[in-house]
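Notes follow the structure.
Chain A is the first sequence line, chain B the second, and so forth, proteins listed ahead of strands; every chain is numbered from 1.
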Amino acid sequence: MFPKKIVMLVDDNDTDNFIHRRLLELTGFCEEIVVKNSGKLALEYLESLIPTPEKIPELIFLDINMPVVDGFVFLFEFGAFSDEIRNRAKVVILTSSDNKKDIDRIVDNDYVVHFITKPLSEEAIEELKKVL
Amino acid sequence: MAQKLSHIPVDVLVHIEEHMDDPVVLLDKYNKVLWANKKTHAILPEHFFYDKTIIDLVHFFIEDEHTLVQFLSGAYQDMKLHGPVLTYEVKPGTFICYKNIPDDHKLFWVTGLENFSTKERLLDEMEYKRIFHQVFDAILIYNSDGIVMDVNTAVCEMYKTDREQFIGKNMFSLFPHQTITDATKIWKDFLKTKQIEGLYKFKLSENEYRYIQFKGRADFAGGNHLGILRDVTNSYLAERALKKSELQLRTVFNSSIYQILLLDDDFKIITFNQGAFGLIYQQVSLDFGIGRSIWEYFPEVFRKQCEAHKTKFLKGESLNTDFYLDFDSNQQWYAASLVPALDDKDELKFISLTLHNITARKTNEEALKKMNFELDSFVYRASHDLRAPLRSVLGLAQLIDAENSKEQIHKYVGLMEKSIQKLDSFILDLTNFSRNSRLDIIIEEIDFNKLIDEAMDNLQFMDKASQVKVIREFDTGLSFYSDQIRLSVILQNLLSNAFKYADKSKTESFLKIRISRQDANLILEFTDNGIGIIDAYIDKLFSMFFRASQDSYGSGLGLYITKQVVEKLGGSIQVKSVYQQGTSFLVKLPYVSNRNL
C-alpha cells in the first residue's frame, strides 16, 4: 500500500540521511519522513510512541555501521518492543556494507524484510515496493 | 733253519743286526726261538736257545728262583706297554722286551737301564710332539727366563711365520705392543702368581692388527711353562664397535635438546635422558625414576590419548600429539612423539617418548591468530569506511541528475565536498597508521608552535574548528628532540578530537595545550571543555575502530593511531574525562634534549 504513511531513516551519516530523505520525497514513497542519526535516538523515539501506536513508522531504513548502538544492537533492542510495534514496523537494511557476514546475520533476523546497498536509488525503491 | 725263516724278510733281520746292540731273538707263534742275532750268539751257546722256548731264555736271565716263578705265573699281565713294546724289569737295570711283529712272530730282547730309558723317552717325545702340533690351540712353551722353547703349528699359523722365528727369543717379542715396563711387571707377577692372563695386540701386516688373549701357567713341561694363545680379534673388534656405538648412542641420547624417555608397554619408565631428568625431576616431581609410571607426571588428557592408541602401538604405529604442563606461573606446551619399537617377531619391546617444548611456537601461533583476526576486522572496517563516503557521493550524483533547482544542486555539491573530505581524512589516518609501523624514527628538534599551527591549518575545514579557542602554555627553554612526523600525528589527532567534540551549549569552547618538562619526561596536556566521555567508554577509547559518541563521524582510528605512535616513541598516553564537562589527554614522552640520544 503506497504511499506509506510514515518512514524512519536511521543512519549516523547526515549526508546519506539527506540523500535518502530527498529521494523518498522525489519518488513520493511516503507522506512523512522521520530522520534519526543514531541507533540510540531511534530507539528512544520508538519508545516515545508507545502511547500513540498510530504514529509508529511502517518502514525503518536501518544502517549497520553506527557508533555505540549499531544496526545489530538496534535490532536486538527492537525485538524487546511489544508485538504491536514490531508487527507494524518493518525493517529494511540500508548500508554501504556488502560484507557477507553482515548480510547473513541480518537476513536471519525476523524483522528484516529487505537489504539495500547504499545509496538508495529509484531502481532500489521499485525493487523494495515489489517485496513489500 | 733257512726254511723256517722263509716268511721273515731278510732285511728286517739285517736291520736288527745293524741297529740293535742288545741280544735279540726271533720267536714263532709258539714262542719258540727261530733266530738269534750275533750279540746273542756272543753271550749264549747255540744249544741254549735253538729249539728252546722263551721260558728257557727268561730262565737264563732271571737267576732268582722266586722272581722266575712270579714272572712265569703272571709275567704277561705285569708287563708294561711302552708303545707297541711290552717290557719287564727282570732285575734292577735289566729289562726284557717283547714285541709282536707281522705273521705271529715276536721279537724278544734283553736290554739295560740306560738304553731302555732313552728309547722310552724317544717314544714319549714322539707321542707328545704329535699331540703338540695337532691340537687347534696355539701353544707356547717357555722357560723360566721367558725364552721361547717351542711353539706349535697353530702359533705359526696365527703369526704367519716359521717355528724357527720364535725359538730362543724372549716370549714378549710375540706381543710387541707391550712396553718393557709392562713386560717386566707381567713377568714378575707371573713368577709370583704362576700365571699370566692378558690381552695383547700385534701388527700382522701394514693394516692388520690381531688381538691375542694369552693365558700362561707355570711348571707344565719339565720345568718349562706353557701358554695358550687365542686370537680374539673378531670378537674383540665386534665388542669394541658395539661399545663405541653404544657410547655414541648414549651421547646423542643425553645431549639431545629433546626430553626422551623409553617406556614399557605399560608406560613405565625404562630409561631416560638428561633432558627428561631436567624436566621431570627438576620441575615436576622429585619422586622420579626408572620403573615409575609417566602418568604420575603428565596430564590426564595426554594419558587418555596414549591409552586410546595402545592397540596401534602394538601394530607399530606412532602417535604425535601435544599437551601442556602447568608450572607455578606459566604454562609450558610440549609436542610429544611416541614411537613403538618392535622386535623381529613383531612384539612390542618399548615405546620411545620424545618431548619438545613448543611454548614459543604456541605463543607465536596465538599471536598470529590474533593478528589475523585484527587484520580481518581492520580490512572489514577499512573497506566499509572507504566505501561509505564514496557511496554518498554516488547518491548525490544521482540526485543531481533528478534535480532541477539550482539551489538544491549547489547544496548537493557542498555535501559531496564534505564526503570527499571525510574520505581523504580517513585515507590520511590509514597512511599515518601504516607509516608509524613502517618508518624509522627520525630525530629532529621540535618547534611545537610550528607543528600546532600546521595541524590547525589542516583542520580549518572542520565544522567547529573556528569556534574552539586554542590556548598554548609552554615551559620556557624547552629544547626537545623527537620524530616530527609522528609528533604532528599526535597533535593533529588530539586537536581534531577537541574540535569534533566541542560542546556547542557552552558559551566559549577551548582547548588548552600545556607542554612542560617533568624530570626525564616531556608532558603534553590537552585539556578541553568539550562534551566529555562517559565512564563506560573510557577503557575502550584507544581501541581500533572504537567510536564513543553517537555524534562521531570519525574513522574510529584516530586515538588508536595516537596511542600506537606515542608508544612507538617510547611514551604513554592517559585520558581523564568528566561527562559534559570536558576531557584531558596526558601524553608522556621521554625527554630527549640532544639529537644523538
| task | Answer yes or no: does atom NZ of Lys129(A) have more than 12 heavy-atom neighbours from other residues, nucleotides or ligands under 6.0 Å? | result | yes
| request: Indicate yes or no: at least one non-hydrogen side-chain atom of Asn13(A) is less than 4.5 angstrom from one of Lys422(B). | output: yes
| Got a sec: does the NZ of Lys411(B) have more than 12 other heavy atoms crowding it under 6.0 Å? | no
| Beyond-backbone contact of Asn65(A) with Asp385(B), side-chain heavy atoms, under 4.5 angstrom | no
| What part of Leu396(B) gets closer than 4.5 Å to chain A, counting heavy atoms only: side chain, backbone, both or neither? | both
| note | Closest non-hydrogen contact found for Thr15(A) with Ser419(B) is CG2-OG, 3.8 Å
| For residues 13-61 of chain A, which residue pairs qualify under ring pair (Phe, Tyr, Trp, His ring centres under 6.0 Å), counting only residues two or more places apart or in two chains? | Phe2(A)-Phe29(A), Phe18(A)-Tyr412(B)
| query | Among Gln398(B), Gln408(B), Glu403(B), Lys418(B), which has the most heavy-atom pairs under 4.5 Å with chain A? | reply | Glu403(B)
| note | Separation between OG (Ser96(A)) and CG (Leu386(B)), nearest 0.5 Å, reads 10.5 Å
| message | Measuring from atom CZ of Arg387(B) to atom OG1 of Thr117(A), what distance do you get when rounded to the nearest 0.5 angstrom? | response | 6.5 Å
| For Tyr111(A), all residues meeting ring pair (Phe, Tyr, Trp, His ring centres under 6.0 Å), sequence neighbours excluded | Phe78(A)
| query | With a cut-off of 6.0 Å (strictly less than), are more than 12 heavy atoms of other residues, nucleotides or ligands near CD of Glu365(B)? | reply | yes
| said: Tell me whether Lys588(B) at atom NZ has more than 12 heavy atoms from other residues, nucleotides or ligands lying less than 6.0 Å away. | reply: no
| field | Straight-line distance of Leu26(A) CG to Leu399(B) CG, nearest 0.5 Å | value | 6.5 Å
| query | Within a reach of under 6.0 Å around NZ of Lys512(B), are more than 12 heavy atoms found that belong to other residues, nucleotides or ligands? | reply | no
| request: Would you mind checking which part of Ser392(B) comes under 4.5 Å of any heavy atom in chain A, side chain (CB onward), backbone (N, CA, C, O), both or neither? | output: both
| note | Taken to the nearest 0.5 Å, the spacing of Arg391(B) CZ from Ile19(A) CD1 works out to 11.0 Å
